[in-house]
Amino acid sequence: MDGLGDAEKERVNYTIDSFNLNEGSLMERRKFILNLDLSSFEGLTNHEILEALQPNGFISVVEQLLKERVNEEKEAL
């Protein structure tokens with residue numbers, strides 16, 4: 001939270017506490033998605049990957065990872 005003022009830090013902590021964002025299973029699911037190796041889904045479309053990962057939640061994070069993968073593939077060409 002570097003760069004945040006005291007009021008902003010207080011709001012951040014309030015949000016974390018209000019939504020219980022540091023709950024164990026929630027943290028593990030976030031960790032799983034963020035450490036995901038998309039190359040393990042080779043041969044699947046982005047839509048198929050989204051469907052496969054939907055039960056884990058954090059679909060917006062998966063969508064962003066897929067966009068980055070598409071951009072990296074375009075840059076490699």
Asks: Is there a side-chain contact between I49 and R69 (heavy atoms, below 4.5 Å)?
Replies: yes
Asks: Same cluster or not: are V61 and V70 linked, directly or through other Ile, Leu, Val, Met, Phe, Trp or Tyr residues, by side-chain heavy atoms under 4.5 angstrom apart?
Replies: no
Asks: Rounded to the nearest 0.5 Å, what separation is found between the CD atom of E73 and the CD atom of E68?
Replies: 12.5 Å
Asks: What distance do E72 atom CD and L38 atom CG have between them, rounded to the nearest 0.5 Å?
Replies: 9.0 Å
Asks: For residues 9-22, pull every pair meeting side chain to side chain donor-acceptor pair (under 3.5 Å), keeping only residues two or more places apart or in separate chains.
Replies: none
Asks: Counting neighbours of CG on D2 that are heavy atoms of other residues, nucleotides or ligands and sit closer than 6.0 Å, is the number greater than 12?
Replies: no
Asks: When clusters are formed by joining ILVMFWY residues with side-chain heavy atoms under 4.5 Å apart, either directly or through shared neighbours, do F19 and M27 land in the same one?
Replies: no
Asks: Distance from L65 atom CG to L34 atom CG, nearest 0.5 Å?
Replies: 7.0 Å
Asks: Do I16 and V12 touch side chain to side chain, with heavy atoms closer than 4.5 Å?
Replies: yes
Asks: For N71, does the CG atom have more than 12 heavy-atom neighbours from other residues, nucleotides or ligands under 6.0 Å away?
Replies: yes
Asks: At what distance, to the nearest 0.5 angstrom, does CZ of F41 lie from CG of N46?
Replies: 11.5 Å
Asks: Report yes or no: does R30 contribute a side-chain atom to a donor-acceptor pair with the main-chain N or O of F58 at less than 3.5 Å?
Replies: no
Asks: Kindly indicate, with the supporting measurements, whether the criterion side-chain contact (heavy atoms from CB on, under 4.5 Å) is fulfilled by L66 and V62.
Replies: CA-CA 6 Å; L66 292 171; V62 175; 4.0 Å; yes
Asks: What's the separation between atom CG in L50 and atom CG in L44, rounded to the nearest 0.5 Å?
Replies: 11.0 Å
Asks: Would you please say whether a donor-acceptor pair under 3.5 Å links the side chains of E42 and S40?
Replies: no
